[in-house]
Undergrad: 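Pasting in a structure now, in structure tokens, and then I'll have a few things to ask.
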There are 2 protein chains.
Amino acid sequence: MTSENTPEASGRPLFSLQRRERLMDELRAHGSITVSGIAAKFGVSELTIRRDVNQLADEGLVSRVHGGATLPSPLDRSASGSHQQAHTYSIGMVVPSLDYYWPQVISGARAEAEEQNLRILVRGSAYDAADNRKQVQALLDHQNIDGLIVAPDMTGAEGQELLRWLNALPIPVVLAERRSPGEIPAHRLEWVATDHAFGAGVAVRHLWQEGHRKIGCLTDSSSPTSPHVVRGWKQAMAALKIPLEGSVSEDSAGLGNGDRSEHFDRILELCRDTGTTAMLVHSDTQAVAFVQHCVDHGVDVPGSMSIVGYDDEVAYLAEPAISAVRPPKRYVGRVAVQLMAARLAEGRMRPVHRVELNPELVVRDSSVGGPRNVTAGSLQGSAAQDSQELEGSL
Amino acid sequence: MTSENTPEASGRPLFSLQRRERLMDELRAHGSITVSGIAAKFGVSELTIRRDVNQLADEGLVSRVHGGATLPSPLDRSASGSHQQAHTYSIGMVVPSLDYYWPQVISGARAEAEEQNLRILVRGSAYDAADNRKQVQALLDHQNIDGLIVAPDMTGAEGQELLRWLNALPIPVVLAERRSPGEIPAHRLEWVATDHAFGAGVAVRHLWQEGHRKIGCLTDSSSPTSPHVVRGWKQAMAALKIPLEGSVSEDSAGLGNGDRSEHFDRILELCRDTGTTAMLVHSDTQAVAFVQHCVDHGVDVPGSMSIVGYDDEVAYLAEPAISAVRPPKRYVGRVAVQLMAARLAEGRMRPVHRVELNPELVVRDSSVGGPRNVTAGSLQGSAAQDSQELEGSL
DNA sequence: CCTGAATCGTTCACGTTCGAACATGTTGCT
DNA sequence: AGCAACATGTTCGAACGTGAACGATTCAGG
């Protein structure tokens with residue numbers, strides 16, 4: 001699924017306006033695009049993309065270059081004499097991945113930066129503290145940044161030391177999708193993060209409302225998100241009075257492809273033994289694989305096994321399409337830039353802000369119409385109540 | 001229009017208004033619609049849908065595209081011109097006090113509202129859920145408010161019921177200085193609150209840094225702030241490895257003036273017995289009284305007893321002036337209005353935001369130059385390190 | 001500076017979608 | 001009942017979005 005042309009799987013091709021919007025997203029996420037790459041990705045001809053790019057260029061939203069387009073650059077003389085004032089500040093941004101999850105965060109950040117008239121410099125990094133620090137240092141040394149948005153690795157002593165170092169930087173720092181401990185060594189760090197525990201809770205309650213009374217959880221503890229998902233799952237289970245012992249809770253950290261298949265088999269077996277009819281699966285990538293595995297082994301989804309994924313990157317591609325909790329990635333980037341802009345404008349008098357955002361649940365086929373009929377009669381009242389309460393978040 | 005409110009009978013075609021509403025629902029659910037698809041789904045001709053779409057586009061609710069419609073897009077240049085910003089909103093604000101703490105919050109809210117071109121209607125209330133609700137209801141009934149900022153009483157079953165009621169209101173609600181539980185019954189409530197636990201921690205660390213090794217805590221549990229202060233005190237004590245047992249921790253809830261004097265005497269006695277040389281006192285009003293009491297009874301402040309107040313309303317009036325943790329009241333109001341303005345502008349697509357703000361410590365005479373000289377030599381290093389770390393927040 | 005390869009824009013063709021004009025059915029009012 | 005106002009459906013020529021072919025242009029590497 002990497003370089004293969006993956007024409008947008010959903011039925012109808014995109015409208016031109018949507019296509020241009022997505023094109024801008026890609027542009028903001030990666031800084032530049034190629035005509036051929038986008039054409040393949042969107043499943044349309046290159047000519048169409050060229051026309052889009054030209055239109056966007058006429059509106060001054062992109063800079064045309066041979067073979068593709070970039071974000072509007074001051075070097076682009078075709079900039080229609082627009083009174084673009086000089087960038088007030090430059091913000092560095094260091095994220096741990098440029099292919100998964102983060103492009104949308106970057107896209108949101110760039111969109112907000114444009115409104116605030118800021119410049120953003122993005123660098124990818126590995127998922128470890130040492131490289132985080134190296135990338136930040138590079139921005140500090142070679143670019144002239146006035147602020148830093150970063151999603152550092154916070155695990156272990158090295159992570160703590162990195163936090164301490166970030167806290168002591170002479171420029172303002174905003175963490176994205178990370179929470180600094182609200183204590184002294186990191187008290188100057190502002191942050192914006194998704195409340196993944198809430199998201200997991202919404203997913204569990206949705207499954208409960210669909211009639212499931214045994215709800216399992218599969219996560220990958222090598223992701224920084226995982227602990228929060230597990231916490232939210234446990235909290236929701238407690239609130240719904242589902243006992244934790246006897247519930248399926250599995251971790252697939254560090255499994256290869258072969259192991260994974262075995263692991264899925266074991267999970268299905270566990271589910272059978274415990275009567276578990278629904279699973280919350282962290283990382284929708286893994287959810288897609290799990291659904292695939294179920295379908296391949298004759299387990300009906302959602303009939304025998306309902307599934308909600310966590311993260312909504314590729315969930316819609318699966319067959320059946322997977323319900324997924326969608327973190328507000330774009331807003332994470334937006335808010336990070338808002339915090340930074342306000343900090344740069346207002347200085348030290350402004351109190352440290354810390355922002356949590358709620359994700360939303362996107363309901364697709366993999367989680368509706370499960371075992372509801374079995375228990376519908378006796379649970380009608382409770383389900384109706386839950387439905388009303390949940391309404392607003394869907 | 002058609003005055004009969006005919007509940008939707010299957011088979012009967014929808015009225016145009018209902019149809020447009022459902023069209024918007026489809027749009028919000030899928031991000032885009034096709035004329036042909038919707039026409040088939042609603043069982044009407046494509047032309048009808050086109051007319052609906054055009055009307056909605058004229059109102060700026062959708063973006064017209066060839067073959068269908070999408071959610072309003074900034075790339076849609078037909079929308080940019082009309083842009084009716086003249087529509088200003090009214091926000092109701094209900095706070096539990098109009099003479100203590102809240103005036104500054106209101107002031108900040110008013111300042112931000114002016115910038116955002118909003119109108120604010122403030123009502124005072126008592127510190128109980130029933131009256132909170134009454135005041136909110138009055139705003140809803142007699143003013144025409146588009147949003148609500150409120151600091152409700154959340155204690156007990158009545159408080160929970162109030163939260164549930166607020167959550168179900170048809171207008172957006174932002175809590176000020178209150179945290180709704182991040183769970184389902186209140187999942188639509190946004191809030192902004194000061195991290196009082198952090199503030200208490202800063203105070204404790206400041207006293208530690210001044211050389212104190214036994215630090216007590218005096219609060220008034222009848223205030224909603226108190227539990228957080230106590231929690232922060234305990235956390236900081238744990239982090240600094242000061243044992244909780246043997247530490248002075250007192251509550252002055254519901255004491256009259258005479259009782260209070262006795263209580264202060266008892267506290268001073270406890271401090272003598274336990275070797276406590278510093279106290280964190282919640283509500284600076286009480287801190288002022290306590291300092292007064294100390295001075296009147298020959299206890300030197302800060303020589304024999306260092307004091308940091310929590311809240312910074314009147315702390316500077318005491319003799320000696322009292323160091324105090326100052327919550328960013330003005331910003332609480334500002335952020336509440338910012339959240340509301342953004343919510344009103346962006347609608348339901350915007351994820352729920354929850355914001356925490358850090359207070360700052362204002363150091364005055366009541367907490368400097370205490371017992372430091374006694375232990376300075378051996379603790380120099382540690383104190384210096386803490387000093388550096390604390391610097392930014394002061 | 002030259003050359004091959006990639007990229008670009010123009011023109012044409014095809015199918016879909018659009019909207020004006022007119023026709024018809026429905027609702028509400030006098 | 002009759003009429004007016006409105007909502008909806010049908011028809012048909014025009015407009016639009018897209019893709020293929022082909023010649024013109026630009027780029028990269030000697």
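Model, not experiment: these values are computed from the prediction. Quick note on labels: first sequence line is chain A, next is B, and so on, each numbered from 1.
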Undergrad: Taking CD1 from B:I38 and P from D:dT8, how many angstroms apart are they, rounded to a whole number?
TA: 15 Å
Undergrad: What is the separation between atom CG on A:D52 and atom P on C:dG9, rounded to the nearest whole Å?
TA: 13 Å
Undergrad: So does B:R19 get a side-chain nitrogen or oxygen closer than 4.0 Å to the phosphate oxygens (OP1/OP2) of D:dT8?
TA: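 For D:dT8, OP1 or OP2 has a side-chain N or O of B:R19 closer than 4.0 Å.
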Undergrad: Does a side-chain N or O from B:R64 land closer than 4.0 Å to OP1 or OP2 of C:dG19, or not?
TA: yes
Undergrad: Looking across every strand, which nucleic acid part, if any, lies under 4.0 Å from A:V53 by heavy atom: base, sugar-phosphate, or nothing?
TA: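 Contact class for A:V53: none.
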Undergrad: Would you say B:T48 places a side-chain N or O within less than 4.0 Å of OP1 or OP2 belonging to D:dG9?
TA: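 Checking D:dG9 against B:T48, a side-chain N or O does come within under 4.0 Å of OP1 or OP2.
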Undergrad: Sequence neighbours left out, what passes salt bridge (charged side-chain N to carboxylate O under 4.0 Å, His left out) with B:D25? Give chain and number order.
TA: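 In terms of salt bridge (charged side-chain N to carboxylate O under 4.0 Å, His left out), with neighbours along the sequence ignored, B:D25 is linked to B:R28.
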Undergrad: When the distance from CG of A:L47 to P of D:dG17 is rounded to whole Å, what number comes out?
TA: 13 Å
Undergrad: Heavy atoms from C-beta onward define the side chain here; which of C:dT10, C:dC18, D:dG9 lies closest to that of B:V35?
TA: C:dC18
Undergrad: Is any NZ, NE, NH1 or NH2 atom of the basic residue among A:R334 and A:E115 found under 4.0 Å from an Asp or Glu carboxylate oxygen of the other?
TA: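 Yes.
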Undergrad: In whole Å, what is the span from the CD atom of A:Q55 to the C1' atom of C:dC8?
TA: 18 Å
Undergrad: Ignoring hydrogens and geometry beyond distance, is a side-chain donor-acceptor pair present between A:S223 and A:H282 at under 3.5 Å?
TA: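 Indeed, the side chains of A:S223 and A:H282 share at least one donor-acceptor pair under 3.5 Å.
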Undergrad: Between D:dG17 atom P and A:L17 atom CG, what is the distance in whole Å?
TA: 11 Å
Undergrad: Let me know, please, whether A:E46 or B:E46 comes out on the 5' side of the other along DNA chain C by nearest nucleotide.
TA: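 Nearer the 5' end of the strand: A:E46.
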Undergrad: I need the CD1-P distance between A:I49 and D:dG17, as an integer number of Å.
TA: 14 Å
Undergrad: Whether B:R50 contacts D:dT8 is assessed here as follows: a side-chain N or O lying under 4.0 Å from the phosphate OP1 or OP2. Is that the case?
TA: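 Looking at the OP1 and OP2 atoms of D:dT8, neither is under 4.0 Å from any side-chain N or O of B:R50.
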Undergrad: Does the A:D284 side chain pair with the main chain of A:V314, one donor and one acceptor, at a distance under 3.5 Å?
TA: yes
Undergrad: What are the two closest non-hydrogen atoms of A:I91 and A:I145, and how far apart are they?
TA: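 A:I91 and A:I145 have their closest heavy atoms at C-CG2, 4.2 Å.
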Undergrad: Taking atom P of C:dT7 as reference, at what distance in whole Å does atom CG of A:N54 sit?
TA: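 The distance from CG of A:N54 to P of C:dT7 comes to 15 Å, rounded to the nearest Å.
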Undergrad: Just how far, in rounded Å, is P of D:dT18 from CZ of A:F15?
TA: 10 Å
Undergrad: Which heavy atom of B:H187 sits nearest a heavy atom of B:V352, and at what distance?
TA: O-CG2, 3.6 Å
Undergrad: Of A:R51 and B:V65, whose closest DNA chain C nucleotide lies nearer the 5' terminus?
TA: A:R51
Undergrad: What is the per-nucleotide protein-contact pattern of nucleotides 25-30 of chain D, from the 5' end, where B denotes a base atom under 4.0 Å from a protein heavy atom, S denotes such proximity for sugar-phosphate atoms only, and - denotes neither?
TA: -SS---
Undergrad: Once ring-ring contact (aromatic ring centres under 6.0 Å, His included) is applied, do any residues pair with B:H353, and if so which ones, sequence neighbours excluded?
TA: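 ring-ring contact (aromatic ring centres under 6.0 Å, His included) check on B:H353 returns nothing, list empty.
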